[in-house]
Amino acid sequence: MSDVSAAAPAAVSTDGTEANTGSAKDVTAKGKDKAKEKDKRVIVVSPCPPSVATAYMILRGTVAGLLGLDLNATLQEQSPSQVEVSILQPTYIKEGIPSAKFSITVGKKLGSGLVTLPEDPNEQASFLNLIETTANRIVNDAMPIQATMMASQSQAQERYGSHILNQGLRARPKKSTDNSNNSAENEQILVAQIQNLITCVPPALPYSTTEGLTIVLDRKQSFVSCGKKAKKAEVVLKFVATTTTTTAGTENHVATLEIEPFAPDSIQDLLLPEGQVLYEAQQQQEQAEAASAAALAAAEAAKQATESAEDTKPETQDAVVDDMVVNAFEVSGKIDYTKLVDKFGSKIIDDDLMRRLKALTVGQGRVPNLHRFLRRNIFFSHRDLTALLDCVEQGRPMYLYTGRGPSSAAMHLGHLVPFLFTQWLQQAFDCPLVIQMTDDEKFLFKGQYDDEQGDNLNYFADLTIENARDIIACGFDYNKTFLFSDLDYVGVMYPNIVRIWKAVTTNTVNGIFGFDGTSNIGKIAFPAIQAAPAFSSSFPVVLGGAPPDTACLIPCAIDQDPYFRMTRDVAHKLVPKTATTAGSPASNTLGGKPALIHSKFFPPLQGAEGKMSSSDSNSAVFLTDTPEEIELKIKQHAFSGGQESKQLQQELGADLDADVAYQWLRFFLEDDDELEAIGQSYASGKGEYWSTGAVKKRLVQVLQELVAAHQERRAKISDDDVRKWMVERNILKSS
Ligand code: TRP
């Protein structure tokens, strides 16, 4: 247990609790009237128990460390200084037990701190619990508490923010003509720190050591107030502080410690671990709220746009159902794929279609089996796949088109899904493939401009090459594959891009993608650039010789569907009727529209909802991860659908839908029989795979193998090799 090493200030008042200014003696000397005038002063004679003084200091610091109060002047812009701490109310006098009460106000109604107070009564109660447990953790962890004297209160406030001072003492801007107001500000002040994280002003009181200290909140008199109806957002704490080893008096702790000036860079630096969890939860909630607000706005704009669209109508708009959000830029909430298909107006791949697919691929002897992504309904929805298969049956030409927006060098397993499947499709249909790298898109949506450094367009161009190595490593056929960067190649597609621009109104694009008048004009123009490769005439050399109505199949994750709804709507303007009716026996029923096959999302490690992100390194397994990293991530972070105890697990079994390890096995374990066996064992809690540990272990093996093999293939691909795949060349002739 640590000592509270506090320097006894030169003018320690002995009045038992802190007074705003001056000492009890002063006030009495000046007579009753004066005292009445300054009725905010607290004058008490009984000495404050050291345990109470210490607990007060820790509680005050705890709240600051949980909320990230504006401890530092550098952060004050983000967090207006409205934090006020009341003076200590010495309830120990009346009650005869070591107790006291104080409040921390963080603003009006909802508060103004970076972390606002909870509004929900249940959350408020658990926030009080959190304060209590955290304060006692600080005691139990024997976190060192240091104290030092600062020359003036204004200096303390400048360095640590307004909450360092007690109510009424906040430094006001200096008036050059008036010095008298500044007298309090020039007073010395004792500041305490708990591991550089928390700062607070302990009252000038006798402290105890933290050894044997227990802090208990009185739930009847402690509360959190916050909300639209609340006058102010505050935390009121009434506490009892008992200690098994109280040594009263100041003489036990008189060492002055020099404290390093504490200059946090970010709000996170100010927070205790518990506070960091709160802060992250709040950030996530804010993001989710912003996302659903954006999605609602997009849906609203979409409605308006559909009403006013001139000449094209998207088939349906983005899906915003309950808290599920799926559009080209945002995937969040629990995804209900049936509802999504309903909303988007695409079709589920049914058994009939599956049989036809099998006959035209496996039946041709080009692949041993339907891809596991099809067998397991991971690619689950389509548009016009039936008509595309008609074309294939009739021996008409087809090609595949897919793409990637190179937004980061770190590709993860989820990014591989469409490419692994596209590779299978290329083999299964023995057809050409074009792969679009939308470096332009990523710059328009995520690029930055700096007055000194310029913009980072080249960064995205470089990412194209980096990402292309991962894509090529998926095993495409070089002779039948053309990979291109928009920045490099868009000129060739330009005539078709112009045609698409002419065919689509701004209202339509805004409606589909949620843009508005504040969006840069590149964003509004971009959908045409993603649409163009869906028409064979965009590739006069690469697909030179292909008829203009060559069927195009686009494998993609379902969030890309909005781009291709727009594409399909304008197809008739790019592929003339004369082209589509040409040839026999039957006409091409696609009418120039690309066919689509959609995948579900690969779930993040933390839970089978939504899609993975490259920005949270613990939500994904990256293609560059080592075997050890893979093992650690799966073991530590993969959300388990198993039960809480061994007994319950053996009784009830696991929830396979919620279990990330099992869900990932569905994506990557090839053997159907083994997957089935694992599923049965795990879901029943019996047999070899009865436990989460066993299932995770199997997944680790599968992924270590897959990633190692990928890394080996990737290592053999040089930047020069990538450039060869990007050379404009005819990929039809060899088909
Ligand atoms: N917009 C896609 C992304 O951000 C990239 C892309 C371009 C794409 N063309 C495509 C994806 C065709 C699928 C199919 O990742």
Considering all heavy atoms of both residues, which atom of [X] and which atom of [Y] are nearest to each other, and what is their separation?
X    : Y    : value
D719 : R469 : OD1-CD, 3.7 Å
I529 : Q436 : O-NE2, 2.9 Å
M493 : F484 : CE-CE1, 4.0 Å

For [X] and [Y], indicate whether the former's side chain and the latter's backbone hold a donor-acceptor pair under 3.5 Å.
X    : Y    : value
K633 : A620 : yes
T505 : T508 : yes
R713 : G475 : no
N467 : S408 : yes
E629 : T626 : yes
S519 : D516 : yes
D455 : Q448 : no
T438 : D440 : no

Kindly assign one of parallel, tilted or perpendicular to the pair F513 and Y563, based on the angle between their ring planes and the thresholds 30° and 60°.
->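 If you compare the ring of F513 with that of Y563, the planes turn out tilted.
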
Take the angle between the ring planes of Y494 and W501 and call it parallel below 30°, perpendicular above 60°, tilted in between.
->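 Plane angle over 60°, so perpendicular.
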
Are the side chains of [Y] and [X] in contact, using a 4.5 Å heavy-atom criterion?
X    : Y    : value
F601 : I558 : yes
Y478 : I472 : no
F460 : M437 : no
V63  : T134 : no
Y401 : Q530 : yes
F419 : D470 : no
W664 : I634 : yes
D625 : H412 : no

Less than 4.0 Å between a side-chain N and a carboxylate O, is that true for D439 and K442?
->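 Looking at K442 and D439, the cut-off is not met.
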
Would R729 count as a cation-pi partner of F482, with NZ or CZ less than 6.0 Å from the six-membered ring centre and within 45° of the ring normal?
->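 No - R729 does not lie over the ring of F482 by the 6.0 Å and 45° rule.
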
